[in-house]
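Below is one structure, written out as structure tokens; the observations come after it.
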Amino acid sequence: MAVQSSHTAFSFLSPLRSHSIVPETSLLSYNPSLVGYPFTATNRRRPFIIIVSSKSKNELSVDKKRQLLEQYGLNPDEFLSEPSPKTKKRREQSKSGTRKQVLVEEPKPPRETHKLLQVVGGTARRKKLLSPKSMDVRPMMEVVKAAAFGILQAAGGCPASLRPGRWLDLYSGTGSVGIEAISRGCSEVHFVEMDPWVVSDVLRPNLEWTGFLDASVIHTVRVESFLERAEHFLGEDGSFDYISVTPPYAVVDYSILMDQISKSSIVGENTFILVEYPFRTDMLDSCGCLVKISDRRFGRTHLAIYGPKWALKKKYVEKTEKAGKAGFA
């Protein structure tokens, strides 16, 4: 009896000789992968089929297999039935010894707050403010905040307080900058913070504690989205008198951010922009129609302030007058 090469999926049908008796046990023990019809010890010629399974690049197509089986009066569905996808997946997993492992994430510890910040000046001076214990939110240092508002008040022509106007606090976090602005004379502050927990558990309680909630508008949205859709959030009157930019250092490209701010409708001709940025960051000398009027360093933290040209000229005149008085004395 001849058997076709193992590179094909099926062997040809071969009849038994009239006087040969093939025991079933001997054939199956010789090759367990052979599957055929039950053998009977009889002298009557009876055909049988041997199927040899083997993976090969030259494996017969399904249509040819069906034709071959139909030629010998066999039902192709009995031999070519494919297992369901679930069965295939289960078999593959059992062969590889891998089962789908369900990773159970440990619950994150609750975020906590503490009162380490305070309002530096104005009507709410020395009131304590909440801030997260973790480093997720990095509030502006009090020494930097005091210097920033001192520069803005002097540039606005009123050293004792800010000129009345609207303030936009980008990356507000705890809201300490915007709250300081209301405390020093601003009539309205818009806070932009994307973290819902910070808004509900830190920013809003701080506004309620200082009594500035009615003068505040909170936007729980990404700063980039707010700048792109400023008209949607603010309406026609979108420009602000003051803008503070205190982003997380590691996740911001300052050149892209400042370019987006300069092209946004939130900036007007008389707007002052306060930018806190890290050491070794290059800041341009202008932001749209505004010019840099101050750039100071506090350790690894830098503070840049942009404003209208008249504020720069006024600052130059004040310096000249002070120098002249000192020389005359």
For this session: Determine the minimum heavy-atom distance between Cys289 and Gly268, stating which atoms define it.
Result: SG-O, 3.9 Å

For this session: Look only at the side chain of Asp169 and the backbone of His190, and say whether a donor-acceptor pair between them is shorter than 3.5 Å.
Result: no

For this session: Look at the side chain of Ser183 and the backbone N and O of Glu180, then say whether any donor-acceptor pair between them is shorter than 3.5 Å.
Result: no

Exercise. Applying the 4.5 Å side-chain criterion to the ILVMFWY set and letting contacts propagate, would Ile266 and Val189 be lumped into a single cluster?
Worked result: no

For this session: Could you please spell out the steps behind the side chain to side chain contact (heavy atoms under 4.5 Å, CB included) verdict for Cys287 and Met258?
Result: CA-CA 7 Å; Cys287 180; Met258 296 307 297; 3.8 Å; yes

Exercise. Taking atom CD of Gln118 as the centre, does the number of heavy atoms from other residues, nucleotides or ligands within less than 6.0 Å exceed 12?
Worked result: yes

Exercise. Ring centroid separation for Trp167 and Phe212, is it under 6.0 angstrom?
Worked result: no

Exercise. Do Tyr254 and Leu170 share a hydrophobic cluster (ILVMFWY, side-chain heavy atoms under 4.5 Å, transitive)?
Worked result: yes

For this session: Verify, without hydrogens or angle tests, whether Gln260 (side chain) and Glu224 (backbone) share a donor-acceptor contact under 3.5 angstrom.
Result: yes

For this session: Would you mind reporting whether Ile218 and Arg204 have side-chain heavy atoms less than 4.5 Å apart?
Result: yes

Problem set entry | More than 12 heavy atoms from other groups under 6.0 Å of CZ on Arg297 | yes

Exercise. Cationic tip of Lys127 within the cone over Trp209's six-membered ring, i.e. under 6.0 Å and within 45° of the normal?
Worked result: yes

Exercise. Within 45° of the axis and under 6.0 Å from the centre of the six-membered ring of Phe240, does NZ or CZ of Arg166 qualify?
Worked result: yes

For this session: I would like to know whether Leu274 and Thr246 meet side chain to side chain contact (heavy atoms under 4.5 Å, CB included); could you show each step before the answer?
Result: CA-CA 8 Å; Leu274 168 67; Thr246 56; 5.8 Å; no

Exercise. Can you name the nearest heavy-atom pair linking Ile305 to Ala148, along with the distance?
Worked result: CD1-O, 4.1 Å

Problem set entry | Min side-chain heavy-atom separation Asp241-Asn270 under 4.5 Å | no

Exercise. In this structure, are over 12 heavy atoms from other groups packed under 6.0 Å from Lys263 atom NZ?
Worked result: no

Exercise. Less than 4.5 Å apart, any side-chain heavy atom of Pro247 and any of Leu257?
Worked result: yes

Problem set entry | Atom pair CG/OG of Leu234 and Ser265 - distance to nearest 0.5 Å | 6.5 Å

Exercise. Could you give the distance from SG (Cys186) to CD1 (Ile179), rounded to the nearest 0.5 Å?
Worked result: 13.0 Å

Exercise. Does Leu162 share a hydrophobic cluster with Phe272, counting links as ILVMFWY side-chain heavy atoms below 4.5 Å and allowing steps through other members?
Worked result: yes

Exercise. So, do Arg184 and Phe149 sit near enough that their side-chain heavy atoms are less than 4.5 Å apart?
Worked result: yes

For this session: Please round to the nearest 0.5 Å and tell me the distance separating atom CD1 of Ile243 and atom CD1 of Ile273.
Result: 4.5 Å

Seminar exercise, completed: Minimal heavy-atom distance between Ser225 and Val221, with the atoms involved, is CB-CG2, 3.8 Å

Exercise. Backbone N or O of Thr174 within a donor-acceptor pair of the Asn206 side chain at under 3.5 Å?
Worked result: yes

Problem set entry | Nearest atoms (heavy-atom pairs only) where Pro205 meets Ser200 | CD-O, 3.4 Å

Exercise. If you look at every heavy atom in Asp201 and Thr113, which pair is closest and at what distance?
Worked result: O-CG2, 4.4 Å

Exercise. Looking only at heavy atoms, which two atoms of Met141 and Thr301 are closest? And how far apart?
Worked result: CE-OG1, 4.1 Å

For this session: Please check if the side chain of Thr271 supplies one atom and the backbone of Tyr242 the other of a donor-acceptor pair under 3.5 Å.
Result: no

For this session: Would you sort out whether Tyr277 and Asp295 count as a side-chain hydrogen bond (donor to acceptor under 3.5 Å, both in side chains), showing the intermediate values?
Result: CA-CA 10 Å; Tyr277 65 96; Asp295 197 345; 2.7 Å; yes

Problem set entry | Backbone N/O of Gly173 and side chain of Glu193: donor-acceptor pair under 3.5 Å | yes

For this session: Please lay out, stage by stage, how Leu303 and Phe298 fare under the test side chain to side chain contact (heavy atoms under 4.5 Å, CB included).
Result: CA-CA 8 Å; Leu303 182 69; Phe298 302 86; 4.0 Å; yes

For this session: Decide, yes or no, whether a salt bridge links Asp195 with Arg111 under the criterion of side-chain N to carboxylate O below 4.0 Å.
Result: yes

Problem set entry | Single-linkage hydrophobic cluster Val177~Val119, side-chain heavy atoms < 4.5 angstrom | yes

Exercise. Is there a side-chain contact between Val192 and Arg222, using heavy atoms and a 4.5 Å cut-off?
Worked result: no

For this session: Please tell me if the side chains of Ser216 and Ile182 come closer than 4.5 Å, counting only heavy atoms from C-beta onward.
Result: yes

Problem set entry | Pair Glu112, His114: side-chain N/O donor-acceptor within cut-off below 3.5 Å | no

Problem set entry | Co-membership, hydrophobic cluster, residues Val198 and Leu130, 4.5 Å side-chain | yes

Exercise. Does some side-chain heavy atom of Tyr306 sit less than 4.5 Å from a side-chain heavy atom of Met283?
Worked result: yes

For this session: Could you please spell out the steps behind the side chain to side chain contact (heavy atoms under 4.5 Å, CB included) verdict for Thr281 and His302?
Result: CA-CA 9 Å; Thr281 301; His302 285 243; over 6 Å; no

Exercise. To the nearest 0.5 Å, how far apart are CE in Met140 and CG in Leu117?
Worked result: 11.5 Å

